[in-house]
J.: 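What follows is a structure written as structure tokens; I'll ask about it next.
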Amino acid sequence: MYWRLPIKKLSASGIGLLICLIGFTAGAQPRLVPLSERDAISCLAIGGQSIPDFSGPTCRAANLYEVDPQNQSIWVQTQVEIPETWLTVKRPLALFIYAKSSSAVYVNGEFIGRNGIPALLAEEELAGVIDKAFYIPASLIKKDNEIVIHFSSHHGFLDLVGPIHFVGLGDYAAPESLLDRYTGFSMMLLGGLILATLYFLVLNYRSNEKNDYGLFVVMGVFASVQLSLEIVRGLYAYTYPLHDLRLILIALCAAGFGFCLLIFVARKLEHQHNIRWLGIAALTIGVVIWWTPGFDIKTAIAVLVPAIFATVMLGIQAYRTKAQEMIRYTATFIVFDIIIMITLTTFHHINYYLIIAAMTAYLFVDQARTFEQRRKQLLAERAEVEKLSFRLEQLQQQQAPASIVINSAGEVHHVPTNEVRLCKAFGDYVELHLSNGRMQLYSGTMKDLAERLPSTFIRVHRSYVVNLDYVTTLKSTAGSGVLILSEGEQVPVSRRLMPTVRDTLKTGPV
């Protein structure tokens, strides 16, 4: 038993219109006559594979868009008159059939070819590809031509209202070459979506702070998979049962992207009722998508419904708080909703991805701006903490200064660190320049000494460590610098350490 779901035929008319436009705009004016909406006669197949006389009780007048071969076998007859120029300027012709069906084609009573094997019973049918071009020998073409097509479609699990997407007679070409004029642009857009997704993934992996990069990764995956599913029809001739799966996955990806959009807004609001909003939205999205006819419309609705929920949530928050950020977001989502509504029947495929790319770019730019503001605030707070810590250590140094133990001439000296103005490397020793003008030698390396000194000391050069309490001025000289101490000493600052010294002194006494 197959799951059967009614689907509207907007996809069929959309493909037909696209192919007609390509007939007028592409290359060397390819010839194409659409047959899908022409008068035709359809007859239910009762038995056998022979062409009926199209006058029996199961026959009726229809056009090809109205023919439904799903779970049955149908014969269709139509007439097509071609322009005189087609007879004088002979180029290879083909009958193009884009349909969820197997088919067999006859032109002017002659068998042309099969796409799969159409049959009365499912076990006898061989599923054909979704898009097929049947080559027609030039010897069969006349001014007035009779086209007979045998359709059957027993292997799908969705019941589409418009399983015949397009039928047309024109210059022979690969069927996928007429299907999508935007394949090249779509491929570039897909590459951009994949790169953006990878970029968000790296940011999410490297960032230790709470952010929405992970959500952007999921949104990018949904959009990339959906666009890949759209493109695949123009690149790969898959059998028609896979078309049902493709349509379902496209709708699910659209719903996933829309729900992520709603989650993004809910996280931004941080409201206590967010879970309730998300639950109601998820239920509404599922019900509306289920009952909406046409997968083109389903794709739009899958994004529109969560976007409307997000707009309402943002509007309520903007009304309550009067915050400029909430007002800006509300206005953006209102515009987003209006664009989807205006383009509802054409939202499918390239329009969808352009709108989604624009919305995602806006959210990312705004997120980056917010993150930058938060980063600057964090740096400012960190600088204040470092400044306070430095002042506390200065106070502690003044009240209970640390001391350095120095062995000199068999004697042990304890030199208070607050009396040390600077330390200068001198061979295997370090000269300690004290505040009273005296100098002591420390038997050890500068590295060992620096590790023992409090944080009021900073290394400014390979050979110098300075007590910040005695620094009065920092002078820059072509990348490097010079520190002026309170006693007038000038201490060189290396080019490599200059940025660190400058940043440290911003919190110090200078």
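These numbers come from the heavy atoms of this one structure, side chains and all, not from hydrogens, waters or symmetry mates. Along the sequence shown, residues carry numbers from 1. Bear in mind that the values here come from a model prediction, so they are computed numbers and not experimental data.
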J.: Got a sec, which residues hit side-chain contact (heavy atoms from CB on, under 4.5 Å) with Ala310, two or more places apart in sequence or on another chain?
T.: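 For Ala310, the residues satisfying side-chain contact (heavy atoms from CB on, under 4.5 Å) (neighbours in sequence not counted) are Leu262, Val265, Phe333.
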J.: Check side chain to side chain donor-acceptor pair (under 3.5 Å) between Ser152 and all other residues, then give those that pass, not counting sequence neighbours.
T.: Glu125
J.: Above 12 or not: heavy atoms from other molecules or residues under 6.0 Å from OH of Tyr319?
T.: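 Check fails, neighbour count at 12 or below.
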J.: Quick one: do Phe259 and Leu278 satisfy side chain to side chain contact (heavy atoms under 4.5 Å, CB included)? Show the steps, please.
T.: CA-CA 8 Å; Phe259 197 69; Leu278 292 175; 4.2 Å; yes
J.: Would you list the pairs meeting salt bridge (charged side-chain N to carboxylate O under 4.0 Å, His left out) in which at least one residue belongs to residues 141-157, sequence neighbours left out?
T.: Glu81-Lys143, Glu84-Lys143
J.: What verdict does the side chain to side chain contact (heavy atoms under 4.5 Å, CB included) test give for Arg233 and Ile130, after you've listed the backbone C-alpha separation in whole Å, the side-chain angles of each residue and the deciding distance to 0.1 Å?
T.: CA-CA 8 Å; Arg233 183 169 182 177; Ile130 189 72; 3.7 Å; yes
J.: Do the side chain of Gln72 and the main chain of Asp68 share a donor and acceptor less than 3.5 angstrom apart?
T.: yes
J.: Could you state the interatomic distance from CD (Glu124) to CG (Leu121), rounded to the nearest 0.5 Å?
T.: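 Rounded to the nearest 0.5 Å, the CD-CG separation comes out at 4.5 Å.
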J.: Please examine the side chains of Gln317 and Thr321, heavy atoms only from C-beta on, and report whether any two atoms are closer than 4.5 Å.
T.: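 Thr321 reaches Gln317 side chain to side chain.
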J.: Taking side chain as C-beta onward, heavy atoms only, is Thr197 less than 4.5 Å from Met219?
T.: no
J.: I'd like to know whether Phe134 forms a side chain to side chain contact (heavy atoms under 4.5 Å, CB included) with Val107, so could you lay out the CA-CA distance, the side-chain angles of the two residues, the decisive distance to 0.1 Å, and finally the verdict.
T.: CA-CA 10 Å; Phe134 295 88; Val107 176; over 6 Å; no
J.: If the condition is side chain to side chain donor-acceptor pair (under 3.5 Å), which residues does Ser73 pass it with, not counting sequence neighbours?
T.: His150
J.: Which residues pass the side chain to side chain donor-acceptor pair (under 3.5 Å) test with Ser55, not counting sequence neighbours?
T.: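 Side chain to side chain donor-acceptor pair (under 3.5 Å) list for Ser55, sorted by chain: Asp53.
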J.: Using the side-chain contact (heavy atoms from CB on, under 4.5 Å) criterion, which residues pair with Ala237? Sequence neighbours excluded.
T.: Val129
J.: Using the ring-ring contact (aromatic ring centres under 6.0 Å, His included) rule, collect all pairs that involve residues 229-258, keeping only residues at least two apart or in two chains.
T.: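 For residues 229-258, and leaving out neighbouring residues, the ring-ring contact (aromatic ring centres under 6.0 Å, His included) pairs sorted by first residue read His165-His243.
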J.: Taking only residues at least two apart or on different chains, which pairs with a member in residues 97-123 satisfy salt bridge (charged side-chain N to carboxylate O under 4.0 Å, His left out)?
T.: Lys100-Asp244
J.: Suppose we screen for side chain to side chain donor-acceptor pair (under 3.5 Å). Which residues come up paired with Thr311, at least two apart in sequence or across chains?
T.: Asp337
J.: Are Trp86 and Val33 side-chain neighbours, meaning at least one heavy-atom pair lies under 4.5 Å?
T.: yes
J.: Would a 4.5 Å heavy-atom cut-off, applied to side chains only, mark Leu95 and Ile149 as touching?
T.: yes
J.: Can you name the side-chain contact (heavy atoms from CB on, under 4.5 Å) partners of Phe54, sequence neighbours left out?
T.: Ile41, Cys43, Ile51, Pro52, Trp75, Gln77, Val148
J.: Please tell me if the side chains of Val225 and Leu249 come closer than 4.5 Å, counting only heavy atoms from C-beta onward.
T.: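 No; the side chains remain at least 4.5 Å from each other.
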J.: Once you round to the nearest 0.5 Å, how far does CG of Asn63 lie from OG of Ser42?
T.: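 It comes to 9.5 Å.
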J.: In the structure I gave you, are the side-chain heavy atoms of Met313 and Leu269 within less than 4.5 Å of one another anywhere?
T.: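 Side chain of Met313 against side chain of Leu269, heavy atoms only: contact under 4.5 Å found.
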J.: Is there a side-chain contact between Val105 and Ile136 in this structure, where contact means two heavy atoms from C-beta onward sitting under 4.5 Å apart?
T.: no
J.: Could you go through the side chain to side chain contact (heavy atoms under 4.5 Å, CB included) check for Asp131 and Phe96 one step at a time?
T.: CA-CA 8 Å; Asp131 306 311; Phe96 296 93; over 6 Å; no
J.: A side-chain contact here means heavy atoms from C-beta on lying under 4.5 Å apart; do Phe336 and Val303 qualify?
T.: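 Of all side-chain heavy-atom pairs linking Val303 with Phe336, at least one is under 4.5 Å.
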J.: Which residues pass the ring pair (Phe, Tyr, Trp, His ring centres under 6.0 Å) test with Phe216, not counting sequence neighbours?
T.: Phe200, Phe264
J.: Could you measure the distance from the OG atom of Ser224 to the CG atom of Leu189? Nearest 0.5 Å is fine.
T.: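 The distance works out to 9.0 Å.
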J.: Taking side-chain contact (heavy atoms from CB on, under 4.5 Å) as the test, write out the residues that go with Thr85, two or more places apart.
T.: Pro83, Thr88
